[in-house]
Asks: 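What follows is a structure written as structure tokens; I'll ask about it next.
Predicted, not measured: the structure shown is a model, and the values here were computed from it.
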Amino acid sequence: MHFNLTPEQQSQYEQFKHFVDQDIVPIANSYDQLEKTPRALIDKLASLGYLGALIPNSYRGSGMDMITFGLLNEELGRGCSSIRSLLTVHTMASQAIIRFGTEEQKETWLPAMAIGHTIGAFALSEPNIGSDARHIETQAVLSGDHYVLNGTKKWITYGQLADVFLLFAQVNGQPTAFLVEKNRPGLSIEPINGMYGTRASMLAELRLNDCRIPKENILGKEGTGFPYVALHVLEYGKYSVACGAVGIAQACLEDSIRYTESRIQFKQPLKEFQLVQAMIAEMLANTKAARLLCLNAGFMKQNKALQAGDELNAAKYFASQIAVKAANDAVQLHGANGCSNEYSVQRYLRDAKITEIIEGSTQIQQMNIATYGYLEYGTRTAAASCNA
């Protein structure tokens with residue numbers, strides 16, 4: 001299978017690169033240290049149509065195909081993984097509304113999200129619940145014309161500035177999805193600081209204390225929050241993170257090449273040493289391989305292939321791991337400079353590690369991939385044995 005970009009995709013790819021080089025790369029380290037994202041940068045993302053990347057044109061979105069969306073995430077990941085994570089959660093929230101929302105919900109939220117007037121976030125994780133998403137502890141009880149929510153959500157990406165949360169709670173023991181506005185009485189938002197990676201992603205803890213929302217804010221039906229809503233949007237999250245991890249690996253490769261060309265040791269550039277060349281070669285080959293896995297996953301998702309979810313798992317699993325490997329080697333190649341905040345590679349390493357945890361940890365992906373392997377190849381092997 002060949003993945004030659006169309007002229008339009010190539011043109012947009014170049015635009016993404018230019019934007020990242022001009023508007024993100026120069027400020028990424030400083031805002032990583034400040035643990036915030038400047039509003040002006042978010043407004044620029046919106047003005048370029050990136051926040052409405054997968055929102056249809058009919059709702060003022062850009063209507064990108066999945067390959068183009070993947071390239072956008074790769075470039076944002078190359079510049080700053082925190083900025084990429086804004087696109088991730090904002091897209092997950094909008095995709096939930098597109099797939100499961102009523103026409104009124106779509107008209108209310110999607111145009112505003114497409115142009116950046118409303119920022120969406122994904123509120124699933126809790127203090128006691130991460131991967132075991134079916135057993136969230138937040139409760140929602142129908143009382144008249146309102147649902148009353150009680151519980152705590154934690155590690156909510158861009159929770160400090162989001163306007164609406166795609167939030168999950170149990171209704172009579174059934175996980176259910178809701179749209180919860182930030183200004184609802186009973187909802188308090190506490191910033192989370194001091195994180196290891198993606199420090200500028202403005203994480204928050206949401207505390208719901210008899211938070212009342214109109215019953216019309218339910219998304220889908222009671223009991224469809226998991227697996228329907230959550231698993232649907234998590235596929236977009238996995239794809240975004242996987243492509244962003246490729247971007248991190250690409251940044252590591254480019255920074256390492258520049259550094260080893262200019263750094264002189266033992267009267268010659270570092271690039272002349274064979275062990276350095278081996279590290280660069282592995283970084284380059286792994287980055288190319290991860291990019292192809294992501295392109296394949298995007299192609300499968302775009303064409304609604306039955307195996308799209310399995311390809312997304314493989315792409316996310318491999319890309320996040322090679323991002324960590326590339327970043328670790330980049331720090332090693334930079335030596336003491338690699339541990340200094342004057343160089344970006346230390347940020348790449350911290351951010352790369354986060355990609356192994358979010359939107360399905362490495363271990364969860366291993367379980368998913370192994371399950372697919374047994375279903376796909378175990379059955380085929382058994383059938384072949386019977387026919388022999």
Side-chain angles (χ1 to χ4, degrees), residues 3 5 13-14 16-17 20-21 24-25 28-29 32 70-85 196-198 238-266 268-298 314-358 362 365-366:
F3 291 111
L5 301 182
Y13 196 15
E14 295 303 321
F16 301 156
K17 289 181 180 180
V20 168
D21 287 336
I24 295 181
V25 170
N29 285 343
D32 173 77
L71 297 173
L72 173 58
N73 279 273
E74 179 184 329
E75 282 304 302
L76 292 179
R78 181 176 66 85
C80 176
S81 198
S82 291
I83 301 302
R84 188 272 310 147
S85 66
Y196 177 72
T198 59
K238 287 178 188 177
Y239 183 57
S240 172
V241 172
C243 295
V246 174
I248 294 175
Q250 182 68 33
C252 291
L253 175 65
E254 293 176 5
D255 283 18
S256 295
I257 287 176
R258 283 193 293 266
Y259 188 81
T260 56
E261 283 181 329
S262 61
R263 178 71 168 178
I264 305 297
Q265 291 291 288
F266 303 100
Q268 60 181 328
L270 285 179
K271 72 172 187 176
E272 299 299 330
F273 294 94
Q274 288 183 332
L275 293 179
V276 170
Q277 293 172 7
M279 295 168 77
I280 294 296
E282 185 175 27
M283 202 180 295
L284 190 153
N286 281 339
T287 302
K288 284 180 174 289
R291 181 176 292 114
L292 285 172
L293 279 173
C294 287
L295 286 169
N296 181 58
K316 200 272 182 183
Y317 169 70
F318 185 75
S320 61
Q321 286 193 307
I322 69 99
V324 171
K325 179 66 167 61
N328 191 61
D329 285 350
V331 170
Q332 189 74 16
L333 288 168
H334 282 70
N337 285 327
C339 301
S340 166
N341 59 21
E342 295 179 7
Y343 288 79
S344 297
V345 290
Q346 49 78 32
R347 173 170 57 85
Y348 301 155
L349 180 57
R350 291 185 285 103
D351 288 353
K353 186 60 189 176
I354 302 304
T355 68
E356 285 196 306
I357 298 171
I358 59 175
T362 295
Q365 300 310 325
Q366 287 175 320

Asks: Quick check: closest heavy atoms across Ala319 and Ala245, and the distance to 0.1 Å?
Replies: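 Looking at all heavy atoms of both residues, the closest pair is O-CB, 3.5 Å.
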Asks: Evaluate whether atom CD of Glu254 has more than 12 neighbouring non-hydrogen atoms of other residues, nucleotides or ligands under 6.0 angstrom away.
Replies: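 Above 12, so yes.
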Asks: Heavy atoms only: give me the nearest Asp255-Ser344 pair and the separation to one decimal.
Replies: OD2-CB, 4.0 Å
Asks: Please report the closest heavy-atom contact between Ile357 and Lys316, naming both atoms and the distance.
Replies: N-NZ, 4.3 Å
Asks: Can you tell me how far apart NZ (Lys238) and SG (Cys243) are? Round to the nearest 0.5 Å.
Replies: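 Here the interatomic distance stands at 13.5 Å.
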Asks: Taking all heavy atoms of Ala315 and all of Ala297, pick out the closest pair and write down the distance.
Replies: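 For Ala315 and Ala297, the tightest heavy-atom pair comes out as CB-CB, 4.2 Å.
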Asks: For Gln250, run the side-chain hydrogen bond (donor to acceptor under 3.5 Å, both in side chains) check against Arg291, Glu75, Lys288, Glu74 and tell me which one passes.
Replies: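 It is Arg291; the other options fail the test.
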Asks: Quick one: are Ile280 and Ser256 in side-chain contact, heavy atoms under 4.5 Å?
Replies: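 Of all side-chain heavy-atom pairs linking Ser256 with Ile280, at least one is under 4.5 Å.
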Asks: Does Leu275, at its CG atom, have more than 12 non-hydrogen atoms belonging to other residues, nucleotides or ligands within less than 6.0 Å?
Replies: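 No - once you tally the heavy atoms of other residues, nucleotides and ligands closer than 6.0 Å, there are 12 at most.
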Asks: Which residue, Ile24, Asn73, Leu72, forms the side chain to side chain contact (heavy atoms under 4.5 Å, CB included) with Arg84?
Replies: Asn73
Asks: Kindly give the heavy-atom pair with the smallest separation between Ile248 and Ser81, and that separation in Å.
Replies: CD1-OG, 4.0 Å
Asks: How many angstroms lie between NZ in Lys271 and CG in Leu333, if you round to the nearest 0.5 Å?
Replies: 14.0 Å
Asks: Go through it in stages, so that I can follow the logic: the residues are His334 and Gln346, the test is side-chain contact (heavy atoms from CB on, under 4.5 Å), and I'd like the CA-CA distance, side-chain angles, deciding distance and then a yes or no.
Replies: CA-CA 10 Å; His334 282 70; Gln346 49 78 32; over 6 Å; no
Asks: What is the ring orientation for Phe273 with Phe266, classed by angle as parallel under 30°, tilted 30 to 60°, or perpendicular over 60°?
Replies: perpendicular
Asks: Considering residues, nucleotides and ligands other than Gln274, do more than 12 of their heavy atoms fall under 6.0 Å from its CD?
Replies: no
Asks: Do Leu5 and Leu71 touch side chain to side chain, with heavy atoms closer than 4.5 Å?
Replies: yes
Asks: Do the side chains of Phe318 and Gln365 get nearer than 4.5 Å, heavy atoms only?
Replies: no
Asks: Test salt bridge (charged side-chain N to carboxylate O under 4.0 Å, His left out) on Lys353 and Glu356 and set out the steps.
Replies: CA-CA 5 Å; Lys353 186 60 189 176; Glu356 285 196 306; 2.8 Å; yes
Asks: Indicate the atoms forming the closest heavy-atom contact of Leu349 with Val324, along with that distance.
Replies: CD1-O, 4.0 Å
